[in-house]
Amino acid sequence: MDSHYDHISTEPKLYETWEKSGAFSPKKTDKSAKTFTIMMPPPNANDPLHIGHAMFLTVEDILIRYHRMLGDITLWLPGTDHAGIETQFVFEKKLKKKNQSRFEFDRETLYKMIWDYVQENSSVAVEQMKKIGASADWTRFTFMLDEKVVKQVLASFIKLHQDSLLYRDEQLVNYCTQCGTSFSDLEVVYVDQNSPLYYVKYPLVENPREFITVATVRPEPIFADTHLAVNPDDKKHNYLIGKKVLNPLTNEEMEIIADEFVDPEFGTGIVKLTPAHDANDFQVAKKHNLPIHQAINLEGKITAKGGKYAGLRVKAARESVVNDLQEKGLIEKIDDKYNNRVAVCYRCQKPIEPLLLPQFFVKVKPLVEPILNDLKNEKFHVYGAGHDKILKHWLENLRDWNISRQIVWGIRIPVWYSVTENPDIVVSFLTTDKNKITGNIKSVLEQGFTVEQINNGLQELRAPIQANFVVSTSSPGVDYLQETDTFDTWFSSAQWPFTTLKKNGDEDFKQFYPTQVMETGYDILPFWVMRMLMMGKYITGELPFSNIYLHGLVRDQKGQKMSKSKGNVVNPLVIAEKYGSDALRMALVIRSSAGLDKSVGEPDFKAMRNFSNKLWNASRFVLEHLDLSQEGDVKTNENFINKLNEISKTITKNLNNFQIGLAAETSYNEFWHWFCDEQIEITKTGKLGGKELLHGLKVFIALLHPFVPFVTEAVWQEMRQKQLVETDLLITTSWPS
RNA sequence: GAGCCCGUAGCUCAGUUGGUUAGAGCGCUUCAUUGACAUUGAAGAGGUCAGAGGUUCGAGUCCUCUCGGGCUCACCA
């Protein structure tokens, strides 16, 4: 044995040996009574691994290796995600570099291009996961858009439809005009910003020299407004109810109505209603049956109704409107110190426009209630510093889920519209010579295009809210066109625990569902974990997992969030190369705690590299410098064995309680400071037996294997060569009892 | 406005259902070392466990409040 442990030559060899041996696939053993299954959170197929991935891989691999050694039938099912909007966004950036845009392609061609692009890169993530030592069952590897997965996702949609848990509705949705798609409420982020508050004067009809002043940050859609509102209990203003004012842009008459939602304390206590572009106003408009006029279109431009402003972008329109109002003397004042919070796209940071759009929604209440019950009755457990309470809060306040996305890269919603029944459908498509045609279906057909031609070049289809549709996984007939919207990425990943297992028939599903652990970062608790609970229970009748382990964010040495702009990003593969995967893994988990962030830096990796080396050299001493026939004295031997058992028990208990950071710390400390610093030294004096010390080494090597799999296996192989151990591989050796 | 988490050694953090002298890594001081390992060993300095009150035979750990830091949700015309 070398005097230094060399991870570079050792790790790839050992990984190959493990994989070839079939150790990663679930096996019946003589001890096996139960299964232990973890579904790997699928990383984006074309993303290189970052430190967060390394964290989840390490935590899950520890649990998996532990349970495999316990003798459970252990399955860790890996895969990758198509990551709809993320991937399409990256791909469009690439197109832009080539001076192309998605609008130059029909959706089928575009889909295929993204597919090829993703395939090119998808092996990178897998290779990197292997580098970290992930002992996942690659023979069951699943990609979110695998045909058999998609089939089940569609089937779930159909079930939701049959159970009346699905509806198509025209509602205000969070729309990003830059990304060209809507988002669920969860995907919107808010930023504080300074927004000028305009005090706009509305002339009273009964006396146009008198004005009602309204404060607004959004004057540009005023032309589409038809009503103002005051609070009925507002004594200062309720005399206005029923009176009329003139729209300052169009001079149309506007009635002042009463609604409790108005805060008399805010602004002037009078509010303008813009139902098509504000969630509150939309509610009020529905309640009072007010007209809803679209002022801004999906491109983020003013609609035709805007007259002279039509076609202007929101920002330009605002400037223009404010100018005009000022000229008319209808701006009383502008408060430019006003701060509010503005919704922005989590992806591109551009402002979110609440826009009226027909979308598919899932009714969440019936899905959420069983989960709340199961949470209350402790049918599953959340490890993660109070995140069970956060989950509860989410479940209690969840709003219906918009699952429509106006992007190509994803699973197309299995909904069909008859072109004869719905002549008002608007389609955009490319002709065979790449001309873009946009118009309602009736006029397009009259121009002589066939449904087939439209379908072949189809980019986008917009069916009005009253359109009839058929839910079906295949075309109901020749005059049908399929919805062009795709599912929210999370709609398919919500079904990951069972779609993966059902992929190859029901056998895996029967054996491994429900799974034992869902391990992921707390940041995607509402996006993913909550929805897996909902969809898993709904589709299969059983919770998809009984334990949720949430790890924290990995931060830098100073506890700061890692970000490209700060330049403090740690690349796990660089660390693995420099210090070894074992060091990377140990540094990530040692003293980590579920649900709490973890700081790591170069000194930590270095320290854990030293640990690998310590392990190697302690083993070298036992294997090469120790007289194994040395007897030692009975009492010392006995104490040694007792303490060893105690340590095993503690680490086992820690792992059973998901105290992974503590288990790592205990094994580290006991090995280095008890076994090496004390017991090896005692052995040198002759008091501790050689046989006992060797046994102790074997126990520690096994206990440490889940955390530092490579160096421990390397030592095992040395012992195997010297015929000191019975099994070929440590990875499948029994856990010390 | 509501909720969640954190506050322990210079720094980053452990400390499981309350139980003897409060731990680790890095850093610091002194010493050792051709015999497993300098990617080492030994010894040491450094903590009124944010503060106050309470429960208890006993509190870093449980309860209440205060202060400080972080995060999330909701509303913001």
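Letters go in sequence order (proteins before strands), and every chain restarts at 1. Owing to the predicted nature of the structure, the values given are computational and were not obtained by experimental measurement.
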_Side-chain-base donor-acceptor pair under 3.5 Å for K389(A) and C4(B)_ = no

_Classify K684(A) by what it touches in the nucleic acid, base, sugar-phosphate, or nothing, heavy-atom distance under 4.0 Å._
base

_Between A14(B) and Q659(A), counting only base atoms on the nucleotide and side-chain atoms on the residue, is there a donor-acceptor pair under 3.5 Å?_
no

*Salt bridge between E665(A) and R591(A), side-chain N to carboxylate O under 4.0 Å?*
yes

*Looking at every strand, decide which applies to Y383(A) at a 4.0 Å heavy-atom threshold: base, sugar-phosphate, or nothing.*
nothing

*How is S592(A) classified with respect to the nucleic acid when contacts are heavy atoms under 4.0 Å: base, sugar-phosphate, or nothing?*
nothing

*asked:* Under 4.0 Å, heavy atoms only, any strand: does D263(A) hit a base, just the sugar-phosphate, or nothing?
replied: base

_By the 4.0 Å heavy-atom rule, please label L273(A) as base, sugar-phosphate, or nothing._
nothing

*Across the strands shown, which category fits E624(A) at heavy-atom distances under 4.0 angstrom: base, sugar-phosphate, nothing?*
nothing

*Flag the pair W735(A) / Y66(A) as yes when their ring centroid distance falls below 6.0 Å, and as no otherwise.*
yes

_Please confirm whether the shortest side-chain N or O distance from N280(A) to OP1 or OP2 of C75(B) is below 4.0 Å._
no

*Salt bridge or not for R218(A) and E220(A), using N-O below 4.0 Å?*
yes

_C1' spacing across the pair A59(B) / G1(B), given as an integer number of angstrom_ = 34 Å

*With sugar-phosphate meaning primed atoms plus P, OP1 and OP2, does A618(A) contact a base, only sugar-phosphate, or nothing at under 4.0 Å between heavy atoms?*
base

_Classify W616(A) by what it touches in the nucleic acid, base, sugar-phosphate, or nothing, heavy-atom distance under 4.0 Å._
nothing

*asked:* Would you say the rings of F183(A) and Y346(A) are close, in the sense that their centroids are separated by under 6.0 Å?
replied: yes

_Minimum heavy-atom distance between C676(A) and K614(A), given as atom pair plus value_ = CB-CE, 3.7 Å

_With rounding to the closest Å, how many angstrom separate the C1' atoms on C26(B) and A14(B)?_
15 Å

*Rounded to whole angstrom, note down the C1' distance from U72(B) over to G54(B).*
31 Å

*Please confirm whether K684(A) makes a cation-pi placement over F621(A), using NZ or CZ under 6.0 Å from the six-membered ring centre and within 45° of the ring normal.*
yes

*Pick the P atom in U56(B) and in G51(B), then give their distance to the nearest Å.*
23 Å

*Could you say whether F611(A) or R555(A) is positioned toward the 5' end of RNA chain B, judged by the nucleotide with the nearest heavy atom to each?*
F611(A)

*When rounded to the nearest Å, what value does the distance between C1' atoms of G18(B) and C76(B) take?*
46 Å

*Which part of the nucleic acid, if any, lies within reach of H387(A) when heavy atoms closer than 4.0 Å are counted: base, sugar-phosphate only, or nothing?*
nothing

*Pick the P atom in G60(B) and in C4(B), then give their distance to the nearest Å.*
25 Å

*Strictly under 6.0 Å, is that where the ring centroids of Y549(A) and H551(A) end up?*
no

*According to a strict under-4.0 Å criterion, is H673(A) in side-chain N/O contact with OP1 or OP2 of G25(B)?*
yes

*What interatomic distance, in whole Å, is found between C1' of G23(B) and the corresponding atom of A9(B)?*
10 Å

_Dot-bracket summary - RNA chain B, pairs being Watson-Crick or G-U whose distances fall under 3.5 Å, with | when paired to another strand_ = (((((((..((((.....[...)))).(((((.......))))).....(((((..]....))))))))))))....

*What nucleic acid atoms does L623(A) come within less than 4.0 Å of, heavy atoms only: base, sugar-phosphate, or nothing?*
nothing

_Check this for me, if you would: do E602(A) and R609(A) make a salt bridge, where the nitrogen-to-carboxylate-oxygen distance has to be below 4.0 angstrom?_
no

